[in-house]
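We count residues from 1, following the sequence as given. Keep in mind that the numbers below use all heavy atoms, side chains included, and drop hydrogens, waters and symmetry copies.
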Amino acid sequence: MSIRRTGKVRGGAAVAVAAVLGLTLAGCGAGDDGKSKTSEQSSRSVPSASGSQPAASGGSKSAAPTEILATSNGAVGIVLTINSAARESGGFITISGQIKNGGQEAFVQLATWRGEELKANDGSVAGATLVDKVGKKRYYVLRDTESRCLCTTGITRIGAGESIPFFAQFPAPPTSTTEVDFNLPTFATATIKISG
């Protein structure tokens with residue numbers, strides 16, 4: 001019986017010590033600016049690299065950007081809208097926009113969008129190209145060291161009425177080139193102006 005009493009006393013003391021420590025640590029958690037260390041650390045961990053892939057590449061909805069550089073019609077009510085064609089400081093150009101399913105049924109992504117040279121980029125827009133008509137050059141989507149495209153991946157289906165964001169990065173044409181043709185299989189060619 002003395003073992004039970006000792007156990008109860010020790011357990012109660014442990015609970016009391018844990019409560020005091022918890023309150024003490026909670027009081028020490030805020031800095032001078034009133035932010036907790038947890039929120040400060042989470043704000044630091046958000047990557048801000050311009051070349052990073054958007055998190056919404058798998059078909060998530062997002063707000064439609066206001067600027068429209070070009071639109072292009074594809075199969076069965078699919079419309080591609082290009083909102084940005086910006087030169088980046090690393091010697092590449094990023095094309096971004098939206099792909100919308102204006103049809104009445106879900107659209108299953110076509111294998112031709114991914115390109116023929118790399119089968120590993122399923123559900124991507126790796127088959128996109130840029131054409132510099134003045135310089136007479138065609139540019140393909142950049143790849144990383146593991147042959148993955150620097151573009152949106154994970155597009156498997158687009159629901160009826162759904163709009164998904166996309167991006168693709170290409171080697172930048174010469175700075176004298178201000179206009180290029182964007183091609184994605186099954187869509188009409190879209191002529192766009194480069195910014196930056």
Side-chain angles (χ1 to χ4, degrees), residues 47-60 62-102 107-156 158 163-196:
S48 61
S50 61
S52 61
Q53 183 173 339
S57 65
S60 299
S62 67
T66 54
E67 186 175 9
I68 296 175
L69 300 181
T71 58
S72 178
N73 294 322
V76 292
I78 304 298
V79 178
L80 179 139
T81 302
I82 299 173
N83 303 111
S84 173
R87 289 184 189 273
E88 307 285 348
S89 60
F92 57 91
I93 183 171
T94 302
I95 308 296
S96 60
Q98 307 281 319
I99 300 173
K100 181 175 182 174
N101 180 359
F107 175 78
V108 178
Q109 196 262 5
L110 299 172
T112 54
W113 288 9
R114 72 177 179 211
E116 291 300 317
E117 71 282 3
L118 292 171
K119 302 293 185 190
N121 292 303
D122 285 343
S124 73
V125 293
T129 60
L130 284 185
V131 175
D132 174 3
K133 289 187 284 190
V134 175
K136 298 181 180 177
K137 284 192 175 182
R138 180 182 303 268
Y139 298 91
Y140 294 90
V141 175
L142 291 168
R143 305 302 201 252
D144 67 14
T145 56
E146 296 178 3
S147 295
R148 292 179 301 223
C149 73
L150 299 183
C151 67
T152 299
T153 59
I155 304 170
T156 54
I158 306 171
S163 183
I164 62 165
F166 82 92
F167 84 100
Q169 293 181 328
F170 301 87
T175 53
S176 58
T177 300
T178 59
E179 198 172 81
V180 290
D181 285 347
F182 178 84
N183 295 290
L184 182 64
T186 74
F187 289 95
T189 298
T191 302
I192 52 176
K193 290 192 179 296
I194 300 171
S195 64

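Asn101 contributes a side-chain N or O that, together with a main-chain N or O of Ile158, makes up a donor-acceptor pair within less than 3.5 Å. Between the Asn83 side chain and the Glu67 main chain, a donor and an acceptor come within less than 3.5 Å of each other. No donor-acceptor pair under 3.5 Å is formed between the side chain of Thr81 and the backbone N or O of Gly97. Remark: the backbone N or O of Phe167 is paired with a side-chain donor or acceptor of Thr152 at under 3.5 angstrom. Between the side chain of Trp113 and the backbone N or O of Gly123, no donor-acceptor pair lies under 3.5 Å.
Of all the heavy atoms in Ala126 and Cys149, the pair that sits closest is CB-CB, 3.7 Å. The minimum heavy-atom distance between Val180 and Pro173, with the atom names listed, is CG1-CG, 4.1 Å. Closest approach of Asp181 and Thr189 over heavy atoms only: CB-CG2, 3.5 Å. Annotation for Pro171 and Tyr140: closest pair CD-O, 3.3 Å, computed over non-hydrogen atoms. Ala85 approaches Leu69 most closely through the heavy-atom pair N-CD1, 3.6 Å. Across all their heavy atoms, Thr153 and Ser124 have their closest contact at CG2-CB, 3.8 Å.
Between Leu130 atom CG and Ile194 atom CD1 the span is 7.0 Å, to the nearest 0.5 Å. Here the OG1 atom belonging to Thr71 is positioned 12.5 Å from the NZ atom belonging to Lys100, to the nearest 0.5 angstrom. The distance from the CD1 atom of Ile155 to the CD1 atom of Ile164 is 4.0 Å, given to the nearest 0.5 Å. Taking OG of Ser84 as the start and CD1 of Ile192 as the end, the distance is 8.5 Å to the nearest 0.5 Å. Taken to the nearest 0.5 Å, the CG atom of Asp132 stands 11.5 Å off from the CZ atom of Arg138. Summarising the geometry, atom CZ belonging to Phe170 is positioned 8.0 Å from atom CG belonging to Leu142; distances are rounded to the nearest 0.5 Å.
Ring planes of Phe166 and Phe182: tilted class, angle from 30 to 60°.
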